[in-house]
Participant: 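I'd like to ask you about the structure that follows.
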Number of protein chains: 2
Amino acid sequence: MTTVRGARARARIEITAAIKDEARTQLAAEGAAKLSLRAVARELGMVSSALYRYFPSRDDLLTALIVDAYDAVGAAAERASAEAEAERPLDRWTAVCRAVRAWALAHPHEYALIYGSPVPGYTAPQDTIAPAARVGLVLIDIVRGAHTGEGVALPPLPDALSPEAERISTDLVPDLPPALAVALVAAWAQLFGLVSFELFGQFQRVVEDRDPFFTAAARRLGQDVGLLPGG
Amino acid sequence: MTTVRGARARARIEITAAIKDEARTQLAAEGAAKLSLRAVARELGMVSSALYRYFPSRDDLLTALIVDAYDAVGAAAERASAEAEAERPLDRWTAVCRAVRAWALAHPHEYALIYGSPVPGYTAPQDTIAPAARVGLVLIDIVRGAHTGEGVALPPLPDALSPEAERISTDLVPDLPPALAVALVAAWAQLFGLVSFELFGQFQRVVEDRDPFFTAAARRLGQDVGLLPGG
DNA sequence: GTCTATAACGAGATAGAC
DNA sequence: GTCTATCTCGTTATAGAC
């Protein structure tokens with residue numbers, strides 16, 4: 001698909017990348033809400049209408065940036081999981097969480113684009129669903145690999161939650177008990193709560209030495225989904 | 001300060017409120033990044049320069065909206081805590097979490113303003129610090145009231161975290177053990193992770209019946225800070 | 001077919017003269 | 001405070017180069 005078919009195709013790929021790069025620069029400077037096709041074109045020495053050969057609309061450019069960002073965190077998480085494959089599940093979980101945080105700290109504006117406030121007037125198309133799921137799938141994978149079938153100390157499900165717990169379980173992790181599936185989804189959201197609070201400034205004057213704080217909290221999250229300190 | 005001193009003072013208060021109301025409407029429509037004094041003025045039938053009598057700059061208007069939003073969630077949390085004063089600490093904790101979520105669902109744009117992506121080019125002044133702390137203080141209060149001095153089953157602190165844990169503890173909750181202080185700050189961040197994921201669309205196609213899911217997760221957070229199901 | 005450039009639209013922001 | 005001239009924006013139609 002992306003093999004070198006010729007100069008034409010290669011130029012197209014390069015220009016597409018240049019447009020996205022410049023758009024990311026603008027994202028950092030002005031925010032997603034003010035992302036402007038004309039400004040991108042101007043900065044690249046093109047005319048705005050030429051951009052429409054590469055992205056049919058401003059929203060499509062935004063979608064491309066969002067998909068790229070999800071893929072980047074997802075890849076970082078997958079890499080961390082693979083590198084820690086031999087370690088104990090709880091350590092592997094923690095390594096993945098740390099990789100997510102590290103990516104977020106290195107790419108704060110792209111993080112804000114995907115995990116921050118929605119962009120006004122923009123509605124995400126289907127294309128973002130699969131990339132958005134990657135980090136979650138990595139976490140699921142670790143828990144599934146560690147699950148022995150022994151009932152870990154999970155809190156009992158309240159009656160009001162059981163239908164939803166069944167649904168989440170069958171959709172996401174049919175081989176795990178519903179209570180664990182619920183805990184997993186919650187831990188996934190809570191992980192990003194920690195990252196967002198650090199990135200969006202809520203930890204100012206509260207948490208100073210953030211790396212050990214995050215690591216301990218992430219580890220705790222791992223225990224909440226049944227991963228044991230002992231291995 | 002806000003007592004009725006005369007017609008002049010009353011008019012000023014009313015106009016200030018009208019400006020903020022209109023600004024909130026724009027917040028919902030266009031997002032904080034595009035909040036424009038001119039547009040607010042136009043909508044109110046004023047001229048833009050007249051607004052500067054009430055807010056010296058766009059950033060000051062933004063600050064007022066942010067402070068109002070923090071105060072509103074804070075008040076909602078305080079109200080919930082007071083109403084559940086007689087209940088068991090874990091139920092009270094859960095009630096406060098649910099109140100935070102309910103406020104967020106009712107005021108999604110104001111929630112995004114304070115807990116979402118930072119507004120590009122805006123830096124929060126000191127005025128926001130105290131209002132931003134209110135929800136956290138409510139949570140601290142519940143845990144402090146429930147803490148018996150008996151060591152709950154808290155995970156041991158890793159060595160790398162102890163200096164920071166001491167700092168957090170002495171700053172925030174000098175009467176509680178450092179490990180509990182750390183768990184509390186983490187739970188505070190994680191609570192907003194749950195709310196943000198729901199509000200910002202990450203739970204789409206993942207969690208459908210969100211009320212019982214959130215309640216169970218919030219309750220679990222309460223247990224993570226040492227509140228016991230038994231009372 | 002693939003691309004870029006010109007020109008234009010309707011809408012909105014902005015700066016300055018008055 | 002008002003008005004106006006001049007900017008921005010996303011988007012489209014069209015024409016011509018490769």
Side-chain angles (χ1 to χ4, degrees), chain A residues 1-68 109 113 117-125 127-128, chain B residues 8 11-12 14-16 18-62 65 109 113 117 119-122:
Chain A
M1 283 303 209
T2 46
T3 46
V4 189
R5 192 79 71 79
R8 230 173 312 314
R10 236 177 305 132
R12 185 176 176 85
I13 289 170
E14 265 172 38
I15 296 178
T16 306
I19 293 171
K20 291 199 288 191
D21 272 351
E22 178 55 37
R24 270 185 281 264
T25 306
Q26 287 204 16
L27 212 67
E30 301 279 1
K34 287 193 181 161
L35 176 64
S36 137
L37 277 190
R38 288 187 108 106
V40 170
R42 199 183 317 127
E43 215 64 32
L44 290 175
M46 308 170 76
V47 101
S48 67
S49 57
L51 281 198
Y52 284 81
R53 289 277 150 192
Y54 301 88
F55 298 96
S57 76
R58 192 199 87 120
D59 279 11
D60 286 282
L61 174 54
L62 248 185
T63 299
L65 298 180
I66 289 171
V67 167
D68 279 4
H109 303 103
L113 177 65
S117 329
V119 183
Y122 171 84
T123 42
D127 315 42
T128 62
Chain B
R8 219 188 278 33
R12 184 176 177 86
E14 266 172 37
I15 296 177
T16 305
I19 292 170
K20 290 200 286 190
D21 273 352
E22 177 54 36
R24 270 185 280 266
T25 306
Q26 287 205 15
L27 213 65
E30 301 279 1
K34 287 193 181 161
L35 177 64
S36 133
L37 280 186
R38 297 182 92 101
V40 171
R42 193 186 323 127
E43 216 64 30
L44 290 174
M46 309 170 75
V47 102
S48 64
S49 56
L51 277 198
Y52 287 85
R53 295 214 159 263
Y54 300 88
F55 297 96
S57 74
R58 189 201 84 123
D59 279 13
D60 287 285
L61 175 54
L62 249 185
L65 297 180
H109 303 102
L113 177 65
S117 329
V119 183
Y122 172 84

Participant: NA contact type, B:A50, heavy-atom cut-off 4.0 Å: base, sugar-phosphate, or nothing?
Facilitator: sugar-phosphate
Participant: In this structure, how many angstroms lie between the C1' atom of C:dG1 and the CZ atom of A:R12, rounded?
Facilitator: 12 Å
Participant: Hey, does B:P120 have a side-chain heavy atom less than 4.5 Å from the side chain of A:E30?
Facilitator: no
Participant: Write down the distance between OH (A:Y52) and P (D:dC9), rounded to a whole number of angstrom.
Facilitator: 11 Å
Participant: Which is more 5' along DNA chain D, the nucleotide nearest B:M46 or the one nearest A:K34? Just name the residue.
Facilitator: B:M46
Participant: Tell me: CG of A:D59 to P of D:dG10, nearest whole Å?
Facilitator: 10 Å
Participant: Hey, is the main chain of B:R12 close enough, under 3.5 Å, to the side chain of B:T16 for a donor-acceptor pair?
Facilitator: yes
Participant: For A:Y54, which contact category applies under a 4.0 Å heavy-atom criterion: base, sugar-phosphate, or nothing?
Facilitator: sugar-phosphate
Participant: State, with a plain yes or no, whether a side-chain heavy atom of B:T25 is found less than 4.5 Å away from one of B:E43.
Facilitator: no
Participant: Between A:S48 and A:L37, is there a side-chain heavy-atom distance shorter than 4.5 Å?
Facilitator: no
Participant: Expressed as a whole number of angstroms, how long is the span from B:L44:CG to D:dG1:C1'?
Facilitator: 16 Å
Participant: Have a look at the helix from C:dG1-D:dC18 to C:dC18-D:dG1 and give the angle its two end axes make, five pairs each, rounded to 10 degrees.
Facilitator: 20°
Participant: Please determine, for the side chain of A:S36, which listed nucleotide (D:dT11, D:dG10, C:dA13) has the closest atom?
Facilitator: D:dG10
Participant: With the side chain counted from C-beta on, respond yes when B:L35 and B:L65 share a heavy-atom pair under 4.5 Å apart, and no when they do not.
Facilitator: yes
Participant: Which whole-number value in Å describes the distance from A:Q26 CD to D:dC9 C1'?
Facilitator: 12 Å
Participant: Which part of the nucleic acid, if any, lies within reach of A:I15 when heavy atoms closer than 4.0 Å are counted: base, sugar-phosphate only, or nothing?
Facilitator: sugar-phosphate
Participant: Any chance the side chains of A:S57 and A:D60 put a donor and an acceptor closer than 3.5 Å?
Facilitator: yes
Participant: Can you measure from OH (B:Y54) to CD1 (B:I15) and round to the nearest 0.5 angstrom?
Facilitator: 3.0 Å
Participant: Atom CG of A:L35 and atom P of D:dT11: how far apart are they, to the nearest Å?
Facilitator: 11 Å
Participant: Of the nucleotides C:dT6, C:dT14, D:dG10, which one has an atom closest to the side chain of A:V47?
Facilitator: C:dT6
Participant: Starting from C1' on C:dA13, measure out to CD on B:E43 and report it in whole angstrom.
Facilitator: 15 Å
Participant: By the 4.0 Å heavy-atom rule, please label A:L51 as base, sugar-phosphate, or nothing.
Facilitator: nothing
Participant: Using modelled atom types and a 3.5 Å cut-off, is there a donor and acceptor pairing between side-chain atoms of B:S117 and backbone atoms of A:S117?
Facilitator: yes
Participant: Taking the nucleotide of DNA chain D with the closest heavy atom to each, which residue, A:L37 or A:R53, is nearer the 5' end?
Facilitator: A:L37
Participant: From the set D:dA13, C:dT4, D:dG1, return the single nucleotide nearest to any side-chain atom of A:S49.
Facilitator: D:dA13
Participant: Between C1' on C:dT2 and CZ on A:F55, what's the gap in Å once rounded to a whole number?
Facilitator: 16 Å
Participant: Side chains of A:T123 and A:D59: closer than 4.5 Å at any heavy-atom pair?
Facilitator: no
Participant: With heavy-atom distances below 4.5 Å as the criterion, would you say the side chains of A:T63 and A:Y122 are in contact?
Facilitator: yes
Participant: Pick base, sugar-phosphate or nothing for A:R58, based on heavy-atom distances below 4.0 Å to the nucleic acid.
Facilitator: sugar-phosphate
Participant: Name the closest nucleotide to the A:R42 side chain, picking from C:dA15, D:dT8, C:dT4.
Facilitator: D:dT8
Participant: Between the protein and nucleotides 16-18 of chain D, list every N/O to N/O distance that falls short of 3.5 Å.
Facilitator:
none

Participant: Considering only heavy atoms and no angle criterion, is a donor-acceptor pair shorter than 3.5 Å present between the side chain of A:R38 and the base of D:dG10?
Facilitator: yes
